[in-house]
Every structure is written in C-alpha cells, then in structure tokens.
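Quick notes on the structure that follows.
When reading the values below, keep in mind they use all heavy atoms of this one structure, side chains included, and skip hydrogens, waters and symmetry mates. Everything numeric here is computed off the predicted structure, so don't read it as measured data.
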Amino acid sequence: MWNRLPGVWICVAIAIASVLFALLATNAYYTSLVVWVLTNAVLASALRFVLQIGELNIATAAFFGIGAYTTAITAVLLGWPFWLTLLLAPLVAGALSALFGWVTLRTKGPYFLLVSFAVTEVVRLIYTQTNAIGGNSGLVGMFPPMAIDAYYPALAVALLAATLFALYGVERSDLGRLFKAIENNDAIPRSVGLNVVLLKVLCVVIAGSAVGLAGGLHAYANNVIAPSDFTFFVAILALAYVKIGGEGHALGPVLGAALLTLVGQWVAGISAWENIFYGAVIVVTLLVFPGGLVGLAARARGLVTRSAR
C-alpha cells in the first residue's frame with residue numbers, strides 16, 4: 001500500500017522537517033509561523049474531509065472556536081491541568097458537532113451551507129455577549145506549563161501533523177470509501193441498508209474533533225483568543241486553501257495552506273488590499289489550474305512520463 005502512495009512519504013518528510021524546525025529554530029516568529037501553517041492545514045483538511053459527503057461545512061470555523069474556548073475556559077477560569085484542557089477541546093467540539101450534524105444533515109446542498117453559516121455566526125455572537133468569558137475582548141492567559149513551554153511549538157506541530165495523518169487514514173479506509181459513495185449517490189448506500197444520515201454525522205464529528213484540537217492548540221500558541229478569531233471568514237480561507245492546493249489529494253490542503261499563509265504574511269501590511277489579493281489568487285488558480293497545485297504537479301508528471309517514452 002505505502003509504495004503506491006508517494007504522497008504519504010512527502011507528508012511524512014514535511015511533518016518531520018516541521019517538527020525539527022519548530023524544535024530547533026531560535027526565532028519565535030518562524031516557529032509560530034510553522035504552527036500557524038499546520039493549524040490552517042488542519043482546518044482546510046477537515047473542510048475537505050466533509051466535502052467527501054458532498055457538503056460544504058462553514059461551521060468548521062465554529063468548531064475551531066469551540067475547541068479554543070473550551071481550552072481557554074478550563075485553563076484560565078477553572079485552572080484545570082494542561083493535558084486535560086487540551087483533551088477536552090476535541091471531545092467537546094466532537095460532541096457539539098454530533099448534535100449539529102444530527103439536526104442539520106437532513107438538509108442538503110445550499111440549505112446545509114446556510115445553516116452551517118448561521119451556526120458559525122450564532123456561536124460567535126454567544127462569545128461576544130457572554131461577559132463571563134470575556135465578551136468581545138476574549139480570554140487571555142493560556143500558557144503551556146513551564147516544563148514544556150520551550151518545546152510547545154514542536155509539540156503543537158507534532159499533534160497537528162498527527163491529526164492530518166489521522167484524517168488521511170480515515171479517508172483511505174473502508175469508512176472513507178463509504179463517505180465517498182455518499183457524495184456520488186447516497187441512494188446506493190441506502191439501497192444496501194446503510195444509515196446515510198448516521199454516516200454523514202460521523203464524518204462531521206471526525207472533522208469537528210480535528211478542528212477542535214487545532215483550536216485548543218491555537219489557544220495555547222497565541223495565549224489570547226477573541227470572538228473575531230472565529231468568524232465564517234476562517235472557513236472561507238480554509239476553502240481557499242483547499243482550492244489552491246487541490247482537493248484531489250489529501251496533500252492539496254496542506255500545500256494550499258502553506259502557500260497562502262506564507263504569502264499572506266507578505267501582503268499583511270497592505271491592509272484593505274489583502275482580501276482583494278486572496279480573491280485574485282483564487283480566481284486565477286481556478287481559471288488556470290482548476291486542479292490546484294496537486295493537479296498541476298500530476299499534469300507535469302504526466303508530461304515528463306510521456307516525453308520519457
């Protein structure tokens with residue numbers, strides 16, 4: 001199996017290199033940038049994961065925020081231990097995504113998209129209107145324990161990379177094939193007795209748990225969170241990462257997140273033009289390279305193979 005998946009070895013090399021860089025780099029800016037790239041990669045991969053069942057889940061941003069706020073509340077307000085607060089992030093996000101999926105996944109297409117958008121905004125408004133958790137100001141003071149503070153970026157990168165591999169492993173499993181079958185035609189799985197709604201909910205729960213963990217790691221990496229960090233624009237950017245990188249392979253969202261996050265640091269200083277830049281990049285990519293970076297690489301490899309013959 002592994003020898004048929006060269007992309008896996010590329011992912012392994014990237015993960016190892018990222019962990020080593022986060023562990024050995026002395027510049028805090030670069031280590032935080034690596035963590036941010038991997039966080040965005042998890043967001044994009046989780047959004048792509050739900051695309052397997054044919055649904056665009058804008059609520060990815062909501063579950064990212066739920067993971068972050070779960071960690072922040074338990075760490076700052078309740079004073080719970082670091083590992084417990086981090087463990088609760090994917091558990092709470094997964095549980096709430098199960099409720100969300102069970103209620104909403106009987107709708108399809110644009111209806112599910114609108115509901116997921118509404119849920120994201122409702123959750124954000126709850127944060128802003130709840131003074132006990134900081135309201136608009138958010139929460140401050142999520143610090144890793146002193147014993148691991150210097151190694152936290154490497155720990156975050158390792159956990160984020162493990163999350164990416166877990167999503168890829170599920171996608172390649174029999175369960176992932178069932179998700180794909182639902183996308184193609186959910187009448188066929190129903191005809192053989194499968195509970196399509198339950199499978200869809202499970203897909204959303206897996207993705208929600210993944211972004212919940214990313215949210216918890218984000219809280220400790222930034223030391224401060226606010227409602228403005230978890231708007232629907234987070235999911236729109238995640239979709240951009242998927243489209244730029246290419247949704248035909250699990251490596252696509254990782255490449256898209258890395259490219260746009262790094263380029264985003266370069267254009268961050270141009271304020272209002274930043275969003276215009278992102279929009280232009282997406283439009284050009286979809287028009288010129290509809291398969292994204294992964295599709296472009298596959299096309300180049302095909303040309304090389306044909307020329308070698």
Side-chain angles (χ1 to χ4, degrees), residues 35-36 39-40 42-44 46-47 50 55-82 84-107 110-144 201 204-205 207-240 268 271-272 274-275 278:
V35 174
W36 188 234
T39 300
N40 287 339
V42 169
L43 287 170
L47 189 142
V50 179
E55 304 293 351
L56 177 57
N57 186 17
I58 298 298
T60 296
F63 299 125
F64 180 54
I66 287 168
Y69 266 91
T70 297
T71 292
I73 290 169
T74 53
V76 176
L77 301 184
L78 302 180
W80 290 4
F82 169 77
L84 180 58
T85 64
L86 206 54
L87 175 64
L88 285 172
L91 293 180
V92 173
L96 291 177
S97 62
L99 177 62
F100 162 77
W102 189 254
V103 171
T104 62
L105 279 169
R106 288 169 176 78
T107 62
Y111 302 103
F112 177 79
L113 174 64
L114 289 172
V115 171
S116 66
F117 168 78
V119 166
T120 301
E121 285 302 289
V122 167
V123 171
R124 185 184 64 82
L125 288 173
I126 290 173
Y127 300 149
T128 62
Q129 299 301 314
T130 307
N131 292 329
I133 57 174
N136 275 314
S137 300
L139 287 169
V140 181
M142 292 75 71
F143 297 102
V201 171
V204 169
V205 168
S209 299
V211 297
L213 177 59
L217 292 168
H218 168 75
Y220 276 115
N222 276 26
N223 311 129
V224 56
I225 58 172
S228 57
D229 297 336
F230 310 109
T231 66
F232 75 94
F233 190 62
V234 171
I236 300 302
L237 280 178
L239 179 61
S271 187
E274 182 179 356
N275 292 338
Y278 279 127

Under 3.5 Å, sequence neighbours excluded: what are the donor-acceptor pairs made by side chains of residues 227-239?
| from | atom 1 | to | atom 2 | distance (Å) |
| --- | --- | --- | --- | --- |
| Asp229 | OD2 | Ala226 | N | 3.0 |
| Thr231 | OG1 | Phe233 | N | 3.3 |

**Fill in**
Residues pairing under salt bridge (Lys or Arg N to Asp or Glu O under 4.0 Å) where one sits in residues 112-124, two or more places apart or in two chains, turn out to be Glu121-Arg124

For the student: nearest non-hydrogen atoms of [X] and [Y], plus distance:
| X | Y | value |
| --- | --- | --- |
| Ala61 | Thr120 | CB-CG2, 4.0 Å |
| Ala59 | Phe100 | CB-CZ, 3.8 Å |
| Ala221 | Val35 | CB-CG1, 4.2 Å |
| Gly67 | Ala93 | N-CB, 4.5 Å |
| Val205 | Ser97 | CA-OG, 3.4 Å |
| Ile58 | Ser116 | N-OG, 3.2 Å |

**Item:** Side chain proximity check, Leu105 to Val204, heavy atoms < 4.5 angstrom
**Value:** yes

Between [atom1] on residue [X] and [atom2] on residue [Y], distance to nearest 0.5 Å:
| X | Y | atom1 | atom2 | value |
| --- | --- | --- | --- | --- |
| Phe64 | Leu47 | CZ | CG | 13.0 Å |
| Ile225 | Asn223 | CD1 | CG | 11.0 Å |
| Leu217 | Asn222 | CG | CG | 11.0 Å |
| Leu86 | Thr74 | CG | OG1 | 9.0 Å |
| Phe63 | Leu43 | CZ | CG | 12.5 Å |

**Audit row: Leu114, Phe117, side-chain contact (heavy atoms from CB on, under 4.5 Å) steps and yes/no** = CA-CA 5 Å; Leu114 289 172; Phe117 168 78; 5.5 Å; no

**Complete:** Sorted by chain and residue number, the side-chain hydrogen bond (donor to acceptor under 3.5 Å, both in side chains) partners of Gln129 (sequence neighbours excluded) come out as none

**Asked** More than 12 non-hydrogen atoms from neighbouring residues, nucleotides or ligands closer than 6.0 Å to CZ on Phe143, yes or no?
**Response** yes

**Request:** Please check if the side chain of Thr128 supplies one atom and the backbone of Asn136 the other of a donor-acceptor pair under 3.5 Å.
**Result:** no

**Message:** Between Asn57 and Phe112, does the side-chain contact (heavy atoms from CB on, under 4.5 Å) criterion hold? Intermediate values first, please.
**Reply:** CA-CA 8 Å; Asn57 186 17; Phe112 177 79; 4.0 Å; yes

**Prompt:** In a check of side chain to side chain contact (heavy atoms under 4.5 Å, CB included) between Tyr69 and each of Val123, Ile126, Ile133, Thr130, which one passes?
**Reply:** Ile133

**Request:** Before giving the answer on side-chain contact (heavy atoms from CB on, under 4.5 Å), spell out for Val92 and Ile66 the whole-Å C-alpha distance, their side-chain angles and the decisive distance to 0.1 Å.
**Result:** CA-CA 8 Å; Val92 173; Ile66 287 168; 3.9 Å; yes

